[in-house]
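Owing to the predicted nature of the structure, the values given are computational and were not obtained by experimental measurement.
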Amino acid sequence: MAAARLSLSILLVVLAVAAGQRAAAQDYDFFYLVLQWPGSYCDTKQSCCYPKSGKPAADFGIHGLWPNRDDGSYPQNCSPDNAFNPSKVSDLLSSLRAKWPTLACPSGDGLKFWGHEWEKHGTCAANVFDEHGYFQAALRLRDQLGVLAALTSNGVKPDGGYYTLSQIKGAIQDGTGFEPYVECNRDEAGNSQLYQLYFCVDAAGDSFVECPVLPSGRPCGNRIEFPAF
Ligand code: 5GP
Ligand code: 5GP
């Protein structure tokens, strides 16, 4: 009897600890997958620098996979001890160079950008991803969308032309099944241009979902330039 009571108490303690760890470990509700259009990153006063590996393809690149809460807030820099280690993603480096290129100046090899994203955002999803899993998931999710094909097959082309917000959202919804939040920046002449797309992914980092809350990025107006790259 005493032994049964003792093992019940031990079980309760183990369950309580496990629940506490889960609550502490998953401090977010979903992810934003944020893609950037390189032509718009470059086509500002600030300009850009191509990575050391050369000019990236004219396609959407990854900015990051960001854990976020339903109330719009987000955790960041969750494990300062868990610094980015390139050797853990050595098999992904050529995909990262192609699909997650850095455009900041001075020219880099991408390690700084990826390291920043892992340390600021990735470490906050340690309940589902180790470093390799984090980058692999972002690459898979980006490929699954095929955003550029969705746009171009609906007549929205990176040709320096202007499109409405509903044309852009409609084309992406039609081609991918999901409607992104569209963030714009300004070209040198002050025109609004298609800069970043935010898609939402479930807390497991697995599947796209409707966004529980929209990000606070700069909105677009209704005349949006899609610059060439
Ligand atoms: P975040 O804005 O994600 O906190 O930070 C992005 C950081 O990565 C900034 O320090 C920015 O300079 C650097 N970075 C390097 N390459 C890129 C790039 O291609 N796009 C963006 N948005 N940031 C980049
Ligand atoms: P910005 O002020 O340029 O929009 O964002 C700067 C950085 O803050 C982003 O690169 C990202 O690291 C972080 N950030 C901005 N907005 C959000 C958001 O809504 N959710 C998350 N998780 N991070 C964000």
Indicate if Leu35 and Leu141 have the same hydrophobic cluster label, given that clusters are the connected sets of ILVMFWY residues with side-chain heavy-atom separations under 4.5 angstrom.
yes

First locate atom CZ of Arg140, then atom CG of Asp206, and finally report the distance between them rounded to the nearest 0.5 Å.
5.5 Å

Any side-chain heavy atom of Ser40 sitting closer than 4.5 Å to one from Phe229?
no

Any donor-acceptor pair under 3.5 Å linking the side-chain atoms of Glu119 with those of Asn77?
no

Rounded to the nearest 0.5 Å, what's the gap from CD on Glu188 to OG on Ser47? Could you check?
8.0 Å

If you apply the rule disulfide bond (SG atoms under 2.5 Å apart), what do you find for Cys48 with Cys105, and how did you get there?
CA-CA 6 Å; Cys48 71; Cys105 296; over 6 Å; no

Would you say Lys55 has more than 12 foreign heavy atoms packed within less than 6.0 Å of its NZ?
yes

Quick one: pull up CG in Leu65 and SG in Cys124 and give me the separation to the nearest 0.5 Å.
11.5 Å

Would the number of heavy atoms belonging to other residues, nucleotides or ligands and lying under 6.0 Å from CD of Gln46 be above 12?
no

Are any of the side-chain nitrogens in Lys99 or Asp59 under 4.0 Å away from the carboxylate oxygens of its partner?
no

Working note: Thr102 + Lys112, criterion side-chain contact (heavy atoms from CB on, under 4.5 Å); need CA distance, chi angles, decisive distance, verdict.
CA-CA 9 Å; Thr102 181; Lys112 214 170 141 194; over 6 Å; no

Donor-acceptor contact present, side-chain Gln26 to main-chain Ala203, <3.5 Å
no

Answer with yes or no whether the hydrophobic clustering places Leu96 together with Leu145; edges join I, L, V, M, F, W, Y residues whose side-chain heavy atoms lie under 4.5 Å apart.
yes

In Å and rounded to the nearest 0.5 Å, what is the SG to CD distance from Cys42 to Gln36?
8.5 Å

What is the ring orientation for Trp66 with His63, classed by angle as parallel under 30°, tilted 30 to 60°, or perpendicular over 60°?
perpendicular

Using a 3.5 Å distance criterion without hydrogens, assess whether the side chain of Trp114 forms a donor-acceptor pair with backbone atoms of Trp100.
yes

As an exercise, state the distance from CG of Asn191 to CZ of Arg223, rounded to the nearest 0.5 Å.
6.5 Å

Could you check whether any side-chain N or O of Asn222 sits under 3.5 Å from a backbone N or O of Leu165, counting only pairs where one atom can act as donor and the other as acceptor?
yes

Exam field: side chain Asp43 to backbone Asp187, donor-acceptor pair closer than 3.5 Å:
no

Please examine the side chains of Ile224 and Thr164, heavy atoms only from C-beta on, and report whether any two atoms are closer than 4.5 Å.
no

Heavy atoms only: give me the nearest Lys88-Asp91 pair and the separation to one decimal.
O-OD1, 4.4 Å

ILVMFWY cluster, Leu93 and Phe135 together (side-chain gap under 4.5 Å):
yes

Would you indicate whether the side-chain heavy atoms of Pro180 and Ile168 approach each other to under 4.5 Å?
no

Hey, can you tell me if Tyr195 and Tyr41 have their rings parallel, tilted or perpendicular (30° and 60° cut-offs)?
tilted

Side chain of Thr176, backbone of Ile172: donor and acceptor closer than 3.5 Å?
yes

Tyr32, Leu194: one ILVMFWY side-chain cluster at the under-4.5 Å cut-off?
no

Measuring from Ile62:CD1 to Leu33:CG, what's the distance to the nearest 0.5 Å?
6.5 Å

Within the structure provided, determine whether Asn68 and Tyr28 are in side-chain contact (heavy-atom separation under 4.5 Å).
no

Whether Ser107 side chain and Lys52 backbone form a donor-acceptor pair below 3.5 Å:
no

Answer with yes or no after comparing the ring centroid distance for Tyr134 and Phe84 against a 6.0 Å cut-off, counting only values under it.
no

Taking the six-membered ring for Trp, are Trp37 and Phe60 parallel (under 30°), tilted (30 to 60°) or perpendicular (over 60°)?
tilted

Between Phe31 and Phe208, is there a shared hydrophobic cluster once you connect ILVMFWY residues whose side-chain heavy atoms come closer than 4.5 Å?
yes

For the residue pair Asn185 and Gln193, establish whether any side-chain heavy-atom pair is separated by less than 4.5 Å.
yes

Where Asn82 and Trp118 come nearest, the two heavy atoms and their spacing
O-NE1, 2.9 Å

Validate the cation-pi geometry between Lys169 and Tyr163: distance from NZ or CZ to the six-membered ring centre under 6.0 Å, angle to the ring axis within 45°.
no

Nearest non-hydrogen partners of Phe129 and Ala137, listed with the distance
CZ-CB, 3.4 Å

Any donor-acceptor pair under 3.5 Å linking the side chain of Asn154 with the backbone of Val156?
no

What are the two closest heavy atoms between Cys184 and Ser192, and how far apart are they?
CB-OG, 3.3 Å

Determine whether Leu197 and Val182 satisfy the following criterion, side-chain contact (heavy atoms from CB on, under 4.5 Å), listing intermediate values before the conclusion.
CA-CA 5 Å; Leu197 300 172; Val182 182; 3.9 Å; yes

Considering all heavy atoms of both residues, which atom of Leu103 and which atom of Pro56 are nearest to each other, and what is their separation?
CD2-CG, 4.1 Å

In terms of ring plane angle, is the pair His116 and His121 parallel, tilted or perpendicular, where the classes change at 30° and 60°?
perpendicular

Where Pro101 and Ala98 come nearest, the two heavy atoms and their spacing:
CD-O, 3.9 Å

Using atom types as modelled and distance alone, determine if a side-chain donor or acceptor of Asp70 lies under 3.5 Å from a backbone N or O of Pro212.
no

Verify the distance criterion only: is there a donor paired with an acceptor across the side chains of Ser79 and Asp81 at less than 3.5 Å?
no

